Structures are given as C-alpha cells and as structure tokens.
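Following: one structure in structure tokens, then a few remarks.
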Amino acid sequence: MSPSPPAAPTSGAGADRLFGLVTAGAAWLVLLVLGGAAASMAWGGRLAFEAFGLGFITSRDWDAVSGKFGALVPIYGTLATSIIALVIAVPVSIGIALFLTDIAPRWLRAPIGTAVELLAAIPSIIYGMWGLFVFAPFMAAHVEPWLSDTLGPLPVIGTLFTGPPIGIGLLTASIVLGIMIIPFITAVARDVFNAVPTSLREAAVALGSTRWEILSRVTLPYTRSAIIGAIFLGLGRALGETMAVTFVLGNAHDLSASLLMPSNSIAAAIANEFTEADSDLYRSSLIALAFLLFVVTFLVLAAAKLMLMRIGRTHGRTH
Amino acid sequence: MKTTTLAVAAAALLTAACGSKSGNESAPASSQQITGAGSTFVYPVLSAWAADYQKQSGARINYQSIGSGGGISQVKAGTVDFGATDQPLASDELAKANLAQFPIVIGGIVAVVNLAGFKPGQLKLTGPLLADIYAGKVKSWSDPAIASVNPGAKLPSANIAVVHRSDGSGTTFNFTHYLSQVSPAWKSGPGEGKTVSWPTGVGGKGNEGVANYVKQIPNSIGYVEYAYVVQSGMAYAQLQNAAGTFVSPSAETFSDAAQSADWAKASDFNLVMTNAPGANAYPITATTFILMPKQPKDKAKSDAALSFFRYALEKGQPQANKLDYVPLPAALVKQIETYIGASLK
C-alpha cells in the first residue's frame with residue numbers, strides 16, 4: 001500500500017501523456033489518410049490530366065476505342081442527381097422530423113422513428129435492386145408518360161421531360177437517391193428539433209402562433225445551422241452513392257437536358273468500367289474521375305462550412 | 001504499470017495475429033493449387049470442369065473471374081498460372097510477354113428483344129440493320145428496313161430502346177467486332193472494343209443488367225450471352241449470316257461457325273469468329289482464350305494447369321453442353337494439342 005501512492009501520480013501522468021499521444025495520432029492519421037488518398041488519386045490520374053489538361057473537365061467525349069476521355073457527363077450526372085435528390089429529400093425529411101417531434105401522438109413517435117432509422121440501415125444495393133425491379137417499371141408505366149404528356153409541351157420546362165419513357169434515367173435515379181438520404185437528414189433534424197427549448201415553443205404558443213409560425217419563426221431559425229449540416233451530410237452521401245445509382249441511371253455517357261434520359265455518374269462510371277480498363281490512359285482517366293469526385297465533395301463540404309460560419313457570425317451562434 | 005500491461009497485451013495480440021496468419025498460409029501450399037484469372041464469360045464452365053478435375057486428380061483450380069482485361073494483366077505480371085480472355089491477343093503482343101494462347105470453349109452472343117407478341121426467333125434482323133439500330137439511325141420498329149426483312153410480322157410503331165453493356169466486356173468486344181465487320185459506318189464510327197462510345201441507348205452492368213433492362217423496357221433490344229437466353233427464355237432475333245441465311249443461336253450454328261472459321265491460318269489462334277462463312281454459321285460466335293506463360297516460374301504448376309486444360313478439351317464436352325456452351329470441334333482440339341506440344345512443352 002505505502003509505495004503505490006507516490007508511484008501512482010507519475011504513472012498516471014505517463015499514461016495521460018500516452019493517451020494524449022494516441023488520440024492525437026488517431027486524429028493526425030485521418031488527415032494523413034485524407035491527404036494520401038487525394039495525392040495518390042491525383043498521381044494516378046496524372047496521365048489523363050497531362051493528355052487532356054483542363055479539357056478533361058469540359059469535354060463530353062468518353063471513347064475508349066479512340067482513347068478520348070472527358071469527365072463532363074459524369075460530373076453533370078453526379079451533380080444533377082444529387083441536387084434533385086436534395087430537392088426531394090429536404091422538405092420530406094423536415095416534414096417527418098416535425099411530425100415526429102411536434103405533431104405525432106406520443107405512441108406513434110417511437111415506431112416511425114425506428115422505421116426511419118431502419119431505412120438508413122438498408123444496404124444501397126437493395127435500393128438499387130428495388131429501383132430496377134419495382135420502381136423503374138412503375139416510373140415507365142405511370143409517371144414518365146404523364147410527365148412527358150403534360151409537362152413536355154411546355155416551353156422551357158418541357159425540355160426537362162422529353163424522350164421515351166423507359167423508366168431508367170436521371171429522374172428515377174434522383175428519386176431513389178432522395179429516398180436513400182431521407183433517413184440521414186430526418187434523424188439529425190429530429191434530434192435538433194427535440195433540442196429546441198420547450199420554453200421558446202411555449203412562449204410562441206402563448207403569443208398565439210400557429211404550428212406553421214412556430215416552425216418558420218422559432219424552430220427552423222433556432223436550428224438552422226444544424227439543419228444545414230444535416231442537408232450537407234445527405235448531399236455528401238448522394239454524391240458518392242454508387243450501386244443504387246448504377247442500377248437505375250442508365251450508365252450512358254450522354255449529355256441531355258431531359259431528366260428522363262439516361263446519364264452517368266462519377267462513382268457509377270468507375271464501378272462499371274474499372275475492371276476492363278486495359279489501357280493506361282483509360283485507367284488513369286478513371287482514377288482522375290475519382291480525384292474529381294474527391295474535389296467536388298471537398299468543395300461542397302467547404303461551402304457548407306463557409307455557410308455555417310457566415311450564419312454563426314450573423315446570428316451569433318454556431319450550433 | 002498500466003502502460004506496460006497495455007504494451008504486453010498489444011505484443012501478445014500481434015504475435016497471435018502473426019502466428020495465425022503464417023499458419024493459414026502454410027496450409028494450402030501443401031496441396032497443389034492452380035490459379036487463374038480473367039473472363040467472366042468462361043467462369044461457369046471453368047468452375048464445373050475444375051470441380052470434376054479436382055475429384056479425379058486432386059489438383060485445385062482457383063479461378064477469379066475479374067474480367068478479360070484483368071486476366072491479361074495478371075498473367076503478364078506472373079501473379080497467376082493462367083489467364084482467360086474473350087479478346088485474343090495479337091502474336092507480337094504474345095511474343096513480347098512470352099505467352100502462349102489457345103481457345104478453350106465457344107459461346108454465342110444473341111440479340112434479345114422485348115416486343116409484345118414476338119416469340120423467340122420470330123424477329124429477323126440483318127447485320128447492317130443491327131448496326132443501324134445501335135447507331136441510332138433506325139429509330140422505330142416500324143422502319144421500312146425492318147419491315148422488309150420481316151414480311152407479315154406485326155411490328156409496333158414504337159421507338160426502339162437500345163440497351164448495351166455499361167462495363168467493359170468481352171461480350172461487347174465480340175458484338176462490336178461483328179458490327180464493324182458488317183457495317184462500314186460502324187467501323188469508322190464507334191468501332192470495336194470492350195467498351196465503345198455508344199451513340200445511343202442505356203447501359204446495363206453485366207449480362208444480368210442488360211437482360212433485366214430488356215425484360216423491363218418495352219420495345220427494347222439488347223445483346224447477351226447465349227446461356228442467359230436459354231435460361232431466361234427471352235425473345236431473340238434470328239440473324240442473317242455471311243452466307244445469307246437467317247439463323248437462330250444454337251449449339252449447332254455456333255459449332256458450324258467454329259468449323260468454318262479458318263483456324264489453320266491464324267497464328268497463335270488470333271482469330272475472332274464473327275461473321276464466319278459457314279452456310280449455317282451463327283454470325284456472332286465468340287471464343288474464350290487461355291493465356292499461359294511459355295517459361296513459367298513454377299513449372300510443376302504450369303504442367304498441372306496444362307493437364308487440366310487437356311482434360312477440359314478432351315473430356316469436358318458434357319459439362320460445356322449442360323451449361324449451354326459449345327465444345328470446340330475435334331479438328332480444332334487436335335490443332336490446339338499440337339500447338340501446346342510445340343510452344344508449352
């Protein structure tokens with residue numbers, strides 16, 4: 001007993017230092033891996049960048065036979081599907097979250113909450129197969145003919161809905177993606193809505209606010225930065241989603257304004273073509289695509305951070 | 001005290017991990033294992049042969065169906081004992097990598113359609129017409145060019161939905177090689193390759209992907225391997241061959257193509273059998289080729305692989321037939337054995 005008390009503090013301090021080093025190492029490792037991944041992809045894609053320069057980003061060619069590669073179509077497909085998915089998923093997710101926190105009877109909250117969380121646990125390949133076998137035929141038979149008949153003839157918006165209704169294309173992929181990211185946004189939104197102080201809400205009710213006014217003037221402004229964070233979490237997932245998109249996007253290197261036409265995304269192109277990319281330039285172009293996906297994701301997340309900082313400055317609060 | 005226990009525990013874990021790893025590695029080395037990689041097309045029949053061969057000889061064949069391109073680069077790098085490719089390599093490329101090449105099994109690529117009321121084989125297409133459909137020049141099923149080869153058939157006045165492969169594939173290579181043979185416009189346009197710049201259509205991943213798209217998109221056309229057509233009962237098109245006859249894909253018409261192809265003149269069997277001249281030859285008949293190093297690092301394993309392929313060529317016909325592949329004609333097998341004897345010893 002007697003020798004251990006003086007020994008304990010020194011070994012405790014050593015353990016503290018070791019623990020500090022281990023956690024710092026883990027944190028630095030993330031940065032190292034991130035930097036390493038970016039650098040190795042840039043290095044792997046150097047052949048493509050050397051051969052095509054900036055044209056790699058602006059060219060819509062993707063021709064393995066004549067060795068011409070351009071990333072415009074996959075970049076467009078990736079951004080278009082992700083943005084449409086967000087347009088679909090954000091209102092639905094916020095609606096679900098509000099229903100769960102404010103409107104639903106107490107006994108209903110747990111089952112719906114669990115169901116939404118289960119949705120997040122479904123592997124993406126299952127979404128892809130569901131999209132291909134169930135959802136795409138439904139779109140082809142019921143939704144797309146109606147869209148091209150009613151919206152197709154309209155002047156500007158019509159170009160978005162032309163083409164044969166085959167059920168496979170940008171719109172179907174976007175909706176499947178939207179469904180996939182709903183649980184992510186919903187889960188975060190529900191938690192932050194729950195964190196709004198009851199006193200604030202009660203005060204708004206006492207002033208005679210309607211539900212809509214509570215949402216738009218109390219809940220959303222109070223939780224704005226967290227909701228934006230949740231949206232970008234969903235966007236990050238949508239940008240990199242591979243399997244589900246591959247199944248329903250059509251995997252065609254075509255640039256078309258119509259949402260009913262097939263397109264390609266960066267992740268889908270890599271998954272589809274890597275195994276048989278037998279020339280060095282072809283393989284390098286695919287790695288360069290991966291690098292571009294990295295850059296796109298990085299830019300999107302940086303934009304999100306910037307937006308959060310600006311909101312934090314104007315509202316004096318960052319969470 | 002705690003740090004030392006941690007360190008000891010970590011060291012114990014490490015040694016345990018290393019110990020189990022080395023234990024695992026040493027186990028399979030005792031039994032003979034032949035490794036190969038490449039074509040996904042040949043995978044089903046190769047595994048059936050491998051299972052049978054293991055029962056007889058005890059040698060295990062570990063085949064990774066990573067795609068023809070992967071198979072070529074792995075065998076060049078010497079990480080596998082053999083590679084399998086759907087696209088033959090030219091003699092100079094083989095010589096540079098010091099590889100031998102021979103065909104192992106035959107299959108066919110079939111144009112499948114989803115047309116209401118059409119039974120398998122009821123639709124007829126010519127090669128140039130198929131090329132024009134895939135080029136997006138013939139857009140509708142009611143096009144006079146299609147009607148003229150299908151007199152009396154009730155063709156819908158609907159747009160043709162074209163389905164192609166989205167991944168690089170030997171199937172695509174053989175298909176586009178055929179289109180290039182029959183259509184100068186295709187040859188100078190998209191050309192031939194394991195993946196080409198498709199002028200139109202949607203891309204499905206793998207044979208399954210194309211088959212599913214065709215099943216689900218009304219008025220669509222796609223191309224898949226013969227086995228998928230047999231197993232799924234999809235409607236396919238008869239194709240006009242080089243002799244002018246309309247033929248259905250079948251073991252007989254594939255075999256006819258293989259017999260009429262001029263193998264004797266092709267050095268290192270560098271021959272793609274599309275548009276073969278035989279009277280009943282199916283025009284998109286494809287072959288899978290085996291690649292093996294002429295001076296292998298491990299002679300014993302290479303010999304074991306060779307005797308496996310001899311077994312497959314001589315006694316593997318029932319398994320091939322059962323899985324809807326076509327065994328090589330006897331004359332070709334004889335040529336291959338002479339070739340193996342001369343270049344692989």
Side-chain angles (χ1 to χ4, degrees), chain A residues 4 7-8 10-12 14-19 22 60-69 128-129 132-134 136-141 163-169 243 246-254 261-264 268-269 271-280 282-283 286, chain B residues 1-4 6-7 38-40 65-73 85-87 136 139 158-173 176 180 187 189-206 208-209 212-213 215-220:
Chain A
S4 59
T10 47
S11 88
D16 268 358
R17 206 176 321 123
L18 183 73
F19 186 72
V22 168
R60 53 201 277 184
D61 285 336
W62 191 268
D63 187 344
V65 178
S66 58
K68 287 201 194 90
F69 300 98
M129 299 196 88
L132 177 61
F133 289 113
V134 182
F138 171 79
M139 291 288 285
I166 52 174
I168 285 153
M243 282 327 289
T246 301
F247 272 70
V248 290
L249 185 53
N251 306 314
H253 281 280
D254 294 329
M261 295 300 277
S263 183
N264 212 341
N272 270 310
E273 300 179 28
F274 205 78
T275 45
E276 290 288 351
D278 42 12
S279 76
D280 288 340
Y282 193 3
R283 200 174 308 124
L286 286 170
Chain B
M1 269 301 268
K2 270 176 196 160
T3 56
T4 45
L6 256 176
S39 159
T40 48
S65 57
I66 56 172
S68 299
I72 294 170
S73 49
T85 170
D86 299 330
Q87 178 174 6
K139 286 186 164 69
N159 281 332
I160 304 175
V162 170
V163 184
H164 51 75
R165 288 282 287 267
S166 61
D167 47 342
S169 156
T171 311
T172 298
F173 165 72
T176 52
S180 298
K187 191 169 190 165
E192 62 186 57
K194 279 184 251 181
T195 164
V196 300
S197 178
W198 298 99
T200 181
V202 298
K205 185 161 168 54
E208 308 85 347
N212 277 318
Y213 278 178
K215 275 184 212 159
Q216 276 169 22
I217 305 173
N219 307 311
S220 58

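Quantities reported herein were computed from a predicted structural model and do not represent experimental measurements. Chain letters run A, B, ... following the sequence lines, proteins first and then strands; every chain starts at 1.
Heavy atoms closer than 4.5 Å to chain A are found in the side chain of Lys194(B), but not in its backbone. Contact of Pro218(B) with chain A is not made at all, since no heavy-atom distance falls under 4.5 Å. For Ala141(A), no part lies near chain B; criterion is any non-hydrogen pair under 4.5 Å. For Ser73(B), no part lies under 4.5 angstrom from a heavy atom of chain A.
Going from atom CD of Gln87(B) over to atom CZ of Phe173(B) covers 4.0 Å, rounded to the nearest 0.5 Å.
The aromatic rings of Phe69(A) and Tyr282(A) sit parallel to each other, their planes meeting at less than 30°, with 60° as the upper class boundary.
When Trp62(A), Phe133(A), Phe19(A) are compared by the number of non-hydrogen pairs under 4.5 Å with chain B, Phe133(A) comes out ahead. Top candidate by heavy-atom pairs under 4.5 Å with chain B, chosen from Leu132(A), Asp61(A), Leu249(A), Asn264(A), is Leu132(A). Between chain A and the residues Gly203(B), Gly168(B), Gly69(B), the largest count of heavy-atom pairs under 4.5 Å involves Gly203(B).
Residues Pro262(A) and Gly250(A) share a closest heavy-atom pair of CB-CA, 3.8 Å. Listed here is the closest heavy atom pair of Ser65(B) and Ser39(B): CB-O, 4.0 Å.
With sequence neighbours excluded, the residues forming a side chain to side chain donor-acceptor pair (under 3.5 Å) with Asn272(A) are Asn251(A), Ser166(B), listed by chain and number. Under the side chain to side chain donor-acceptor pair (under 3.5 Å) criterion, Thr171(B) pairs with Ser169(B), Glu225(B), not counting sequence neighbours.
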